[in-house]
Colleague: 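Let me give you the structure first, and then I'll get to my questions.
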Amino acid sequence: MLLLGGTTEASAIARALAGDARFDLTLSFAGRTRAIVPPPVPYRVGGFGGAPGLAHTLRETGTDALVDATHPFAARISANAAVAAHEGGVRLLGVRRPPWRCVPGDRWHEVADMAEAARALGAAPRRVLLTVGQLDLLPFAAVPQHRYVVRSVDPPPAGLLPGADIIAARGPFAEDAERALLVDRRIDVIVTKNSGGTATAAKLIAARDLGLRVVMVDRPALPPVESVETAEAAVDWLIRHHDARTDRGV
Ligand code: NAP
């Protein structure tokens, strides 16, 4: 089984199946972050070489189940997974956590992409918390009138956003700490991807409490594949898949 990861769900699935003799599991990371937290299962790092490369890997390794537990904004690998699994006749399960929903009290401005998010900040200078990942910062360099605080797992490339304050941190983040961050840094507006999940949701609660604007970037379209919402449901699916194969004597 090949598990495409880089998310809390993938790590949870790996933890749940580690040491389970029914599964021969490899966890795959893209290698975007400098320090990988070593999982308790065998893992590999780096791209496959597009859908053909992934199809080749599935064949070479005799993989019979592919789990796409990548981030909801990792659209390319999810598209490749759908193509490669289809071509190779490999069962594919997507783990698609639900998006965050706007609730009363929120001041969200929903936008389609990062360029629109940068424009949504407006002409007047703002103090902006950017939690969009270090690879999606370029559009904000085009609106340099704002003061940026960038929080990402690894610091962004030097010089990308001159003058930005950098906080290198990996979630989960607690609500009190998020509130303190927003107050201490006198943040006016947060920009975030609609990642969903609990690990990074506390900033939205803190923003609601403080009456701050949130520019929320909508998710890209993903291929329509069989999917579940949680790591627990994915583990159940894999056990069912395994039992069905055993019953068929495969
Ligand atoms: P992406 O744009 O969909 O993928 C770009 C390329 O990176 C893919 O074509 C593939 O290269 C390689 N790749 C992506 N995920 C991989 C994986 N799990 N194992 C091996 N290769 C992988 O992805 P992305 O948005 O750059 O995200 C990269 C990784 O970071 C993913 O694992 C994702 O779960 C994680 N992540 C992303 C975000 C985000 O906001 N995008 C946030 C948190 C975590 P080849 O075509 O050469 O196979």
Side-chain angles (χ1 to χ4, degrees), residues 1-14 25-39 41-61 63 65-85 87-88 90 92-97 99-100 111-115 117 130-140 150-157 168-173 190-201 203 215-223 225 227 231 234:
M1 167 193 158
L2 182 63
L3 172 61
L4 302 173
T7 57
T8 22
E9 287 84 352
S11 302
I13 294 167
L25 162 68
T26 301
L27 174 54
S28 176
F29 296 110
R32 292 284 182 281
T33 53
R34 284 183 204 160
I36 287 178
V37 180
V41 296
Y43 68 98
R44 62 170 300 288
V45 182
F48 298 95
L54 179 53
H56 177 77
T57 299
L58 295 176
R59 269 195 312 276
E60 289 288 295
T61 53
T63 296
L66 176 62
V67 176
D68 172 19
T70 57
H71 190 271
F73 279 74
R76 196 145 24 117
I77 187 71
S78 292
N80 292 349
V83 171
E87 281 176 4
V90 172
L92 169 64
L93 180 72
V95 184
R96 308 261 192 263
R97 61 172 92 130
W100 292 317
V111 296
D113 55 33
M114 222 44 84
L130 290 178
T131 62
V132 297
Q134 42 134 349
L135 301 177
D136 284 302
L137 296 172
L138 203 53
F140 300 95
V150 175
R151 182 173 69 193
S152 53
V153 174
D154 289 320
R170 195 192 286 267
F173 301 104
I190 299 174
V191 183
T192 181
K193 295 172 173 173
N194 194 337
S195 300
T198 54
T200 58
K203 65 189 171 206
V215 176
M216 183 65 72
V217 182
D218 286 343
R219 295 173 169 201
L222 297 179
V225 302
S227 59

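One-based numbering, in listed order, for ligands and for the atoms of each. Here the structure is a predicted model, which is why all the values come from computation and not from measurement.
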Colleague: Would you check if Arg97 and Ser195 make a side-chain contact, meaning some heavy-atom pair closer than 4.5 Å?
Modeller: yes

Colleague: What distance separates Leu4 CG from Leu92 CG, expressed to the nearest 0.5 Å?
Modeller: 8.5 Å

Colleague: Measure the distance from atom 27 (O) of ligand 1 to every protein heavy atom, then report the residue, atom name and distance (to 0.1 Å) of the closest one.
Modeller: Ala74 CB, 3.8 Å

Colleague: Closest non-hydrogen protein atom to atom 38 (C) of ligand 1, residue and atom name please, with distance?
Modeller: His71 CG, 3.3 Å

Colleague: Among all protein heavy atoms, pick the one closest to atom 31 (C) of ligand 1 and tell me residue, atom and distance.
Modeller: Gly5 O, 3.7 Å

Colleague: Ligand 1 and Thr7, any nitrogen or oxygen pair closer than 3.5 angstrom?
Modeller: no

Colleague: Does ligand 1 have any atom that is closer than 4.0 Å to a heavy atom of Pro72?
Modeller: no

Colleague: Considering non-hydrogen atoms of the protein only, which is the closest contact for atom 9 (O) of ligand 1, and what is the distance?
Modeller: Asn80 ND2, 3.5 Å

Colleague: Between Arg32 and ligand 1, which residue portion shows a heavy-atom distance shorter than 4.0 Å: side chain, backbone, both, or neither?
Modeller: side chain

Colleague: Quick one: does Arg170's side chain get under 4.5 Å of Thr33's, heavy atoms only?
Modeller: yes

Colleague: Closest non-hydrogen protein atom to atom 11 (O) of ligand 1, residue and atom name please, with distance?
Modeller: Gly47 CA, 3.6 Å

Colleague: When you measure from atom 44 (C) of ligand 1 to every protein heavy atom, which one gives the shortest distance, and what is it?
Modeller: Gly6 O, 3.2 Å

Colleague: Apply the side-chain contact (heavy atoms from CB on, under 4.5 Å) test between Phe48 and each candidate in Ile77, Asn80, Leu58; give the one that qualifies.
Modeller: Ile77

Colleague: To the closest 0.5 Å, what do you measure between CZ (Arg76) and OG1 (Thr70)?
Modeller: 12.0 Å

Colleague: Write out the residue and atom name of the closest protein heavy atom to atom 2 (O) of ligand 1, then the distance separating them to 0.1 Å.
Modeller: Arg76 CB, 3.9 Å

Colleague: Can you tell me if Gly50 contacts ligand 1 (heavy atom of the residue under 4.0 Å from the ligand)?
Modeller: yes

Colleague: Looking only at side chains, do Ser78 and Asp68 share a donor and an acceptor under 3.5 Å apart?
Modeller: yes

Colleague: If you apply the rule side chain to side chain donor-acceptor pair (under 3.5 Å), what do you find for Ser28 with Arg44, and how did you get there?
Modeller: CA-CA 5 Å; Ser28 176; Arg44 62 170 300 288; 2.7 Å; yes

Colleague: Verify the distance criterion only: is there a donor paired with an acceptor across the side chains of Arg96 and Ser227 at less than 3.5 Å?
Modeller: no

Colleague: Output yes when the distance from some N or O of ligand 1 to some N or O of Leu4 is under 3.5 Å, and no in every other case.
Modeller: no

Colleague: Write down the atom of Ala75, the atom of Leu222, and the distance for their closest heavy-atom approach.
Modeller: CA-CD2, 3.7 Å

Colleague: So which protein heavy atom does atom 16 (C) of ligand 1 come closest to, and at what separation?
Modeller: Ala30 CB, 3.5 Å

Colleague: With a cutoff of 4.0 Å, is Leu54 in contact with ligand 1, counting heavy atoms of the residue only?
Modeller: no

Colleague: Is ligand 1 under 4.0 Å from a heavy atom in the side chain of Ser195, in the backbone, in both, or in neither?
Modeller: neither

Colleague: Let's go through Asp154 and Arg32 carefully: what are the C-alpha distance in whole Å and the side-chain angles of both, what is the deciding distance for salt bridge (charged side-chain N to carboxylate O under 4.0 Å, His left out) to 0.1 Å, and is it a yes or a no?
Modeller: CA-CA 9 Å; Asp154 289 320; Arg32 292 284 182 281; over 6 Å; no

Colleague: Taking N or O atoms only and a 3.5 Å limit, does Phe48 qualify as a polar contact for ligand 1?
Modeller: yes

Colleague: I want to know if ligand 1 touches Ser28 in the polar sense, i.e. an N/O pair below 3.5 angstrom.
Modeller: yes

